[in-house]
Student: 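Below is one structure. I have some questions about it.
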Amino acid sequence: MDTPNKPLCPCCFRAFSTSILQDGHSSNDSNKNGSFDFGSICGTCEPTKVERALATKASNSNNEEVVPPITWLLTPQEINETTQSILTSTKRNLDEIASIPLSKVTFENTVAKLMCPPNFKTNPQVAACKFLQHCSTDGQIREAASNAGKLFAKSRVEGRMRRDVYERVVAFSKTEECQLKLSDYERHFVMASLQDFERAGLALSSDDAVELQRLLEEDSRVCSEYGTNLGADTTKLFFRPEELRGCTEDFIRERLGMDVEGKCTISLKYPDIIPIGQTCEVADTRRLVSEAREGVNAYKNNLDLVAKGIQLRKQIATLLGYPSWAEYICTKRMSGSFQAVDDFLTNLQTKLERAGKDDYETLLQLKKDHCTKLGIDFDGKLNAWDTGFYGNELLKTKGVDSEKIREYFPLDHVVSTTMEIYQELLGLTFTELLQGTYWSWHKEVRCFHVKDTASDKSIGHFYLDLHPRQGKYGHAAIFHLVKHNSTHGAVDCMLCNLPASTEDKPSLLRHQNVVTFFHEFGHIMHGLCSEGIGNSTRLAKCPRDFVEAPSQMLENWCWQKSILERLSKHYQTGEELPATMLNDMIRAKHVNVAFGSLRQIYLSRLDLEIHSSHPPKSAEELQSLVDKLRPAITLVENPPGNNMLRTFGHLMNQYSASYYGYMWAEVLSADMFATRFETEGVMNPKVGMDYRKMVLAPGGTHNITDHLTKFLGRPPSNEAFLKSRGILK
């Protein structure tokens, strides 16, 4: 039962009356745009009527265009109660299917109930229960949301183990209705459901089935704890300004004296560690930051959790009849088998090794020259904390000054222009909701409504949450909050950790940040443009080794002269990126690319090795593996005690045994770009619509290779990728 709200103070009442009672349209001339500053709310009432009205607005409106279709939950108690309600509805849904006599099964009473079950993302309230674990400023909310996520994962496992439900789907698959009267999409869903039930172990004995469920739930718990350790980290390092020599004056000034007088406070968030890794001339500072992220004291017990997680996954694979977790995963990916992935990586590594060694020697010579210039000893090797710095120094020799280039990429301009480009290319229209007309977990969060331009039909919404803060997910990622169904569109959210503006200067992005934003926004478009409504099978979603390809393909826009001219705008003069700087940057695109590609191969190999038929059994064995594998592939020694598995979150979520997908997808993305967009025009609306309808819209329905073949006009090829890496001329 809700606690009665206190009376609203005048500022809250004004915000409430202008933004809620009148649906965002104020009659007050002083507030014509209907928005209000969240900072103007006193915050003494918890929760305020304003927040409650905003959070429940979706449930009080029949018009999806007003706000995303999520009724947000404001207290741990609400999250817990709603989670239990969803779990109860989920069980009831499965029980109803199981109660149907085998001779009476139909699409409507069996399969349709599995397409959008209560505990999947087609239900907006699933997002309301679990998403805030990644971004809420309230630790208790994050904990409750994390627990909800675990319970939903457990319920999905339990659902896959319902033999009585499986038997009804099998019975329906043999009916005339299934074989003759369903659409291709519906028939595909039936087959996908059967495969998922069978992969979940319904062929197992009762005892083994119980054990499988236990293992899956324990793996989910371990992964959740690992992610919590990453998100809750509060590590701070303190350096004197001279220890940050090479970093910009702004970077130093913004952090000086925050916690310790005369010292700069450095967190382990990207806006802090990337500038240090790339521009700080003091090697010891770079080393200390590297050790803080990967050393023995980093992220609590995460290395032990990795060791535990990979053992659990091996046991799961064994129960299901697979030699390894990697084989189990690859068989349901686009690759089709572990052997295909192994051959792919081996072939690439062989072709990249010579060029990678040349890149290494180039960086090593830069280091030697730099040490001579500074009058310090040269140790004759590239250390792990050297590669980013000397990679950046190499770009400078090509005329690329990353810090100078930042001045031409103010965040607000990059965001607005990126959205303009996507709207033009894909035939979409974005409308930003006025702040104060929707609820959000932080005042910086923006929300947009998306329509198809030609039909004016609503497609969905997306949120942007771009800056770092305590308790927030620490990387850049897209969260698909709500999937399409027959009653509402999709909702996606981008969580990034881009630098925030200060009183003196707007947020300025490195070009690699621009590429990252463009890439992640591509994932939002993929989620919104997907047209399938079934969410509960793996085949209703893109295979994991293809899902990066659309966004990687779109990264190419950030290297096109015409697009860079649009994306750039000097934060003081408003000028575009000068032609000389632009051309130098484009020419340097593939500088050091072989060396960087070898690192990606190393990460992919590491992922597959720990998920092999004989995974490491302990943190010590994981350390030995990293110490051996890293120099063998990347040519760079692993620092004693450092282990990136402590922070390699991909391998403790849906990307386990799937990180190779980034390289796999790069091959496909290079082919799509070179064959259609580079040939017919990067802003050609016809090609953009073909891409939207032939690649993004089908999602994971049927064979993704068939969709690509239709878009390309031929089967996919690796020729464009090899040319882009300088392997083929």
Student: Check whether Asn109 reaches the backbone of Lys104 with its side chain - one donor and one acceptor, N or O, closer than 3.5 Å.
Tutor: yes
Student: If you take all heavy atoms of Ala148 and Thr83, which pair is closest and at what distance?
Tutor: CB-OG1, 3.3 Å
Student: Taking atom types as modelled, is there a side-chain donor on Arg313 or Ser656 under 3.5 Å from an acceptor on the other?
Tutor: no
Student: Are any side-chain N or O atoms of Arg142 and backbone N or O atoms of Ser136, one a donor and one an acceptor, separated by less than 3.5 Å?
Tutor: yes
Student: Yes or no on side chain to side chain contact (heavy atoms under 4.5 Å, CB included) for Phe462 and Met419, after CA distance, side-chain angles and deciding distance?
Tutor: CA-CA 12 Å; Phe462 65 87; Met419 290 195 287; 3.7 Å; yes
Student: Any donor-acceptor pair under 3.5 Å linking the side chain of Gln125 with the backbone of Thr71?
Tutor: yes
Student: Where the side chain of Thr418 meets the backbone of Val414, is there a donor-acceptor pair that is under 3.5 Å apart?
Tutor: yes
Student: So, His442 side chain and Thr137 main chain: donor-acceptor pair closer than 3.5 Å or not?
Tutor: no
Student: In terms of relative ring orientation, are Tyr473 and His475 parallel, tilted or perpendicular, with 30° and 60° separating the classes?
Tutor: perpendicular
Student: To check you understand the geometry: which heavy-atom pair defines the closest contact between Asp545 and Arg333, and what is its length?
Tutor: OD2-CB, 3.1 Å
Student: Should we say atom NZ of Lys150 is surrounded by more than 12 heavy atoms from elsewhere, each under 6.0 Å from it?
Tutor: yes
Student: When rounded to the nearest 0.5 angstrom, what distance separates CG in Leu216 from CZ in Arg160?
Tutor: 11.5 Å
Student: For the pair Glu218 (side chain) and Arg214 (backbone), establish whether a donor and an acceptor sit closer than 3.5 Å, ignoring hydrogens and angles.
Tutor: no
Student: Hey, could you give me the CD1/SG distance between Ile524 and Cys493, rounded to the nearest 0.5 Å?
Tutor: 7.5 Å
Student: Closer than 3.5 angstrom, by distance alone: can the side chain of His488 be matched with the main-chain N or O of Lys483 as a donor-acceptor pair?
Tutor: yes
Student: Are the side chain of Ser99 and the backbone of Glu96 linked by a donor-acceptor contact shorter than 3.5 Å?
Tutor: yes
Student: May I ask you to check whether over 12 heavy atoms, not counting those of Glu177, lie within 6.0 Å of atom CD?
Tutor: yes
Student: Is the Tyr463-His461 ring centre distance short of 6.0 angstrom?
Tutor: no
Student: Set out, in order, the CA-CA distance, both residues' side-chain angles and the distance that settles side chain to side chain contact (heavy atoms under 4.5 Å, CB included) for Leu425 and Tyr691, then state yes or no.
Tutor: CA-CA 9 Å; Leu425 187 65; Tyr691 175 70; 5.7 Å; no
Student: When rounded to the nearest 0.5 angstrom, what is the spacing between CG in Leu696 and NE2 in His523?
Tutor: 11.5 Å
Student: Would you say the side-chain atoms of Ser507 pair up with the backbone N or O of Ser501, donor to acceptor, closer than 3.5 Å?
Tutor: no
Student: For Phe546 and Pro550, work out which heavy atoms get closest and say how close.
Tutor: O-CD, 3.3 Å
Student: Quick check on Glu217: does its CD atom have over 12 non-hydrogen neighbours (other residues, nucleotides or ligands) under 6.0 Å away?
Tutor: yes
Student: Closest heavy-atom contact between Ala476 and Thr516?
Tutor: CB-CG2, 4.0 Å
Student: Please report the shortest heavy-atom distance between Ser658 and Arg544, naming the atom on each side.
Tutor: CB-CG, 3.6 Å
Student: When you measure from the side chain of Thr110 to the backbone of Val169, do you find a donor-acceptor pair of N or O atoms at a distance under 3.5 Å?
Tutor: no
Student: Side chain to side chain contact (heavy atoms under 4.5 Å, CB included) for Trp72 and Leu54? Distances and angles first, verdict last.
Tutor: CA-CA 8 Å; Trp72 291 100; Leu54 289 170; over 6 Å; no
Student: Identify, with sequence neighbours excluded, every residue that meets side-chain contact (heavy atoms from CB on, under 4.5 Å) alongside Ala144.
Tutor: Pro76, Ile79, Asn80
Student: Charged N to carboxylate O under 4.0 angstrom, Asp456 versus Lys451?
Tutor: yes
Student: Between Glu158 and Arg162, does at least one N-O distance fall below 4.0 Å, as a salt bridge requires?
Tutor: no
Student: One pair to check against salt bridge (charged side-chain N to carboxylate O under 4.0 Å, His left out): Arg221 and Glu225. What are the steps and the verdict?
Tutor: CA-CA 6 Å; Arg221 186 198 65 76; Glu225 183 179 349; 3.2 Å; yes
Student: Report the distance from atom CG of Asn119 to atom CG of Leu151, rounding to the nearest 0.5 Å.
Tutor: 11.0 Å
Student: Which heavy atom in Pro117 sits nearest to a heavy atom in Thr122, and how many Å separate them?
Tutor: O-OG1, 4.0 Å
Student: Using 0.5 Å steps for rounding, measure from the CG atom of Asn302 to the CE atom of Met652.
Tutor: 7.0 Å
Student: I'd like to check the side-chain contact (heavy atoms from CB on, under 4.5 Å) partners of Ser220; sequence neighbours left out, ordered by chain and number.
Tutor: Ala153
Student: Can Asp196 and Arg199 be counted as an ion pair, charged N to O under 4.0 angstrom?
Tutor: no
Student: For the atom pair CG (Leu426) and CG (Leu528), what is the distance rounded to the nearest 0.5 Å?
Tutor: 10.5 Å
Student: Can the ring centres of Tyr422 and Phe430 be said to be less than 6.0 Å apart?
Tutor: no
Student: Working note: Ile70 + Phe131, criterion side chain to side chain contact (heavy atoms under 4.5 Å, CB included); need CA distance, chi angles, decisive distance, verdict.
Tutor: CA-CA 11 Å; Ile70 304 171; Phe131 170 65; over 6 Å; no
Student: Are His650 and Tyr662 close enough that a side-chain donor and a side-chain acceptor fall under 3.5 Å?
Tutor: yes
